[in-house]
Amino acid sequence: MMYSSRRKPVLYFKEERSFLSGKCTIYKLFGLCMVLLLVSLMWLQLGCSGEMSTNVRGDRRPPQPPPLCPPNGGQASAADDPSWGPHKLALIVPFRERFDELMAFVPFMHTFLNKKKIRHNIVVINQVDHYRFNRASLINVGFLESSNDTDYLAMHDVDLLPLNEALDYGFPVEGPFHVASPELHPLYHYKTYVGGILLLTKKHYRACNGMSNRFWGWGREDDEFYRRLRKAELQLFRPSGITTGYKTFLHIHDSAWRKRDQKRVASQKQEQFKVDPEGGLTNIRYQVESRQELTISGAPCTVINAKLECDQDRTPWCLLA
């Protein structure tokens, strides 16, 4: 039971007058000490109770734990910090059975983009069907399955890591931006090369109808996409002022240990250089088997397991002979 502060002094003085009347003895002194101790405890109890009741009246929410500090390289403040800008990148990685490269790629790119204050989602499109690898179709899947809060994309090889922080991964306002330009890529140096790492707004990618789905096996899909960029009358931009040359990127692919599927099967030899006038986003056929949110060494990514479908009458080379 709680007492008001106005009642306590009245009780105390009454006790004091009756208690001190008469002859002073050791028992009375002991009793006086006990009374003083009890009064002190009552004051302490009333003071704590009043403070607690004030807190409850002022804020009825349960006590909240202190906020956790994000780890280095985290994106916890990106949504509220205007210095990160309004755009968000969907970094699309076509993928199959290259887990050692993925383990290095995801945390590296997450840290790299955070340092540049670029909001991003890393989206790994994992091909889980029995057909030959189709990089272009997987990028089409990544475009269609990427979240609506992203407004531009990077078509990004899993084995290519940018070493120069001056490289621009920002929103390509003026047109498609080829980060891994021929002057900088460690392997491919011809003028029409647009592979490796290419940034586009989602609007520009849709204007090209995405990439052709005809290219099963390794190579040629990016050469066909260069023609699509020209057909859509999009100007291609590349980095300037980068002085690191062919050491601008780290290429982590071991061609001796992991050979590329470079076989040309039957009519694929004649068809590989032709432009696909119709295929792309409008005729991509696939199924999403599962979607998983993963964290690799503290870096988040989305892995989409996709099964591509193949029209074997039109592209019989989707299967190896």
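Please read all numbers here as calculations on a predicted model, not as lab measurements.
Not a single donor-acceptor pair under 3.5 Å links the side chain of Thr315 to the backbone N or O of Cys318. Remark: the backbone N or O of Ile304 is not paired with any side-chain donor or acceptor of Asn126 at under 3.5 angstrom. Side-chain atoms of Arg96 do not come within 3.5 Å of backbone N or O of Val128 as any donor-acceptor pair. In this structure a side-chain-to-backbone donor-acceptor pair under 3.5 Å is present from Asn140 to Met211. Thr150 places a side-chain N or O within donor-acceptor distance of the main-chain N or O of Ser147, the cut-off being under 3.5 Å. At least one donor-acceptor pair closer than 3.5 Å links the side chain of Lys116 to the backbone N or O of Leu167. Under a 3.5 Å cut-off, the side chain of Arg135 and the backbone N or O of Asp222 do not form any donor-acceptor pair. The main-chain N or O of Phe143 is found under 3.5 Å from a side-chain atom of Ser146 such that the two form a donor-acceptor pair. Between the side chain of Arg132 and the backbone N or O of Trp317 there is at least one donor-acceptor pair closer than 3.5 Å. Under the 3.5 Å distance criterion, the side-chain polar atoms of Asn121 are left unmatched by any main-chain donor or acceptor of Val123.
Tyr226 is connected to Leu234 through a chain of hydrophobic side-chain contacts under 4.5 Å among Ile, Leu, Val, Met, Phe, Trp and Tyr, so both are in one cluster. No path of Ile, Leu, Val, Met, Phe, Trp and Tyr side chains, each step under 4.5 Å between heavy atoms, connects Phe215 with Val158, placing them in separate hydrophobic clusters. A single hydrophobic cluster is seen to contain both Leu281 and Val288, as judged by linkage of ILVMFWY side chains at heavy-atom distances under 4.5 Å, directly or through other members. In the hydrophobic cluster analysis, where Ile, Leu, Val, Met, Phe, Trp and Tyr join through side-chain heavy atoms closer than 4.5 angstrom, Ile197 is grouped apart from Tyr246. Neither Val275 nor Leu236 shares a network with the other; the hydrophobic side chains, linked directly or stepwise wherever heavy atoms of I, L, V, M, F, W or Y lie under 4.5 Å apart, form separate groups for each.
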| message | Pair His156, Ile92 - check side-chain contact (heavy atoms from CB on, under 4.5 Å), show working. | response | CA-CA 6 Å; His156 210 302; Ile92 298 174; over 6 Å; no

* Asked: Should Leu91 and Leu153 be marked as a side-chain contact (heavy atoms from CB on, under 4.5 Å) after you check the CA-CA gap, both sets of side-chain angles, and the distance that decides it?
  -> CA-CA 6 Å; Leu91 195 150; Leu153 67 148; over 6 Å; no

Using side chain to side chain donor-acceptor pair (under 3.5 Å), reason through Thr248 and Asn164 one step at a time and then give a plain yes or no.
CA-CA 6 Å; Thr248 302; Asn164 192 325; 5.1 Å; no

* To do: Could you please spell out the steps behind the side-chain contact (heavy atoms from CB on, under 4.5 Å) verdict for Trp216 and Tyr131?
  => CA-CA 8 Å; Trp216 303 88; Tyr131 297 116; 3.6 Å; yes

- Query: Which is it for Lys247 and Leu184 under the side-chain contact (heavy atoms from CB on, under 4.5 Å) test, yes or no, and what are the steps along the way?
  - Reply: CA-CA 7 Å; Lys247 296 182 180 180; Leu184 305 176; over 6 Å; no

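What you find for Lys117 and Ser83 is that their closest heavy atoms are NZ-OG, 3.0 Å. Leu160 and Phe105 get closest at one heavy-atom pair: O-CE1, 4.0 Å. Of all non-hydrogen atoms in Ile296 and Cys301, the two that sit nearest each other are CD1-SG, 4.2 Å. Contact record, Met109 with Pro162: SD-CD, 3.4 Å, taken as the closest heavy-atom pair. Nearest heavy atoms, Ala154 versus Leu89: N-CD1, 3.5 Å. Looking at every heavy atom in both residues, Gly210 comes nearest to Phe225 through O-CE1, 3.4 Å.
A salt bridge links Arg228 to Glu224: at least one charged side-chain nitrogen sits closer than 4.0 Å to a carboxylate oxygen. Ion pair Arg98/Asp159 flagged as a salt bridge, since at least one NZ, NE, NH1 or NH2 atom sits closer than 4.0 Å to an Asp/Glu carboxylate oxygen.
The OG atom of Ser297 sits 8.0 Å away from atom CE of Met103, with the distance rounded to the nearest 0.5 Å. Considering CD1 of Ile122 and NE2 of His110, their distance stands at 7.0 Å, rounded to 0.5 Å. With rounding to the nearest 0.5 Å, the separation of CG in Asp129 from CG in Leu308 is 4.5 Å. Going from atom SG of Cys208 over to atom CG of Leu229 covers 4.5 Å, rounded to the nearest 0.5 Å. Between Lys274 atom NZ and Arg227 atom CZ the span is 12.5 Å, to the nearest 0.5 Å. Atom CZ of Phe108 and atom CG of Leu250 lie 7.5 Å apart (nearest 0.5 Å).
Between Tyr193 and His178, the distance separating the two ring centers is shorter than 6.0 angstrom. For Tyr205 and Tyr152, the gap between ring centers reaches or exceeds 6.0 Å.
With a 4.5 Å cut-off on side-chain heavy atoms, Ile125 and Asn305 do not count as touching. Val179 places a side-chain heavy atom less than 4.5 Å from the side chain of Phe249. You'll find the side chain of Thr201 reaches within 4.5 Å of the side chain of Pro172, heavy atoms only. Taking 4.5 Å as the limit, every side-chain heavy atom of Leu199 sits out of range of all side-chain heavy atoms of Phe171. The shortest distance between side-chain heavy atoms of Glu309 and Gln287 falls below 4.5 Å.
Between Glu293 and Thr302, the side chains place a donor N or O and an acceptor N or O closer than 3.5 Å (distance only, hydrogens not considered). Under 3.5 Å, the side chains of Asp223 and Tyr190 contain a donor-acceptor pair of N or O atoms. A donor-acceptor pair shorter than 3.5 Å can be found between the side chains of Tyr286 and Glu145. No side-chain N or O of Asn134 forms a donor-acceptor pair with one of Asn213 less than 3.5 Å apart.
Residue pairs satisfying the salt bridge (Lys or Arg N to Asp or Glu O under 4.0 Å) criterion with at least one member in residues 162-186, sequence neighbours excluded, are listed as follows: Lys115-Glu165.
With sequence neighbours excluded, no residue forms a side-chain hydrogen bond (donor to acceptor under 3.5 Å, both in side chains) with Glu289.
For NZ of Lys202, the number of neighbouring non-hydrogen atoms (other residues, nucleotides, ligands) closer than 6.0 Å is greater than 12. Within a 6.0 Å radius of CZ in Arg230, no more than 12 heavy atoms belonging to other residues, nucleotides or ligands are found. Annotation for Asn148: atom CG does not count as buried by contact number, only 12 or fewer foreign heavy atoms lying within 6.0 Å.
The aromatic rings of His185 and His251 sit tilted relative to each other, their planes meeting at an angle between 30° and 60°.
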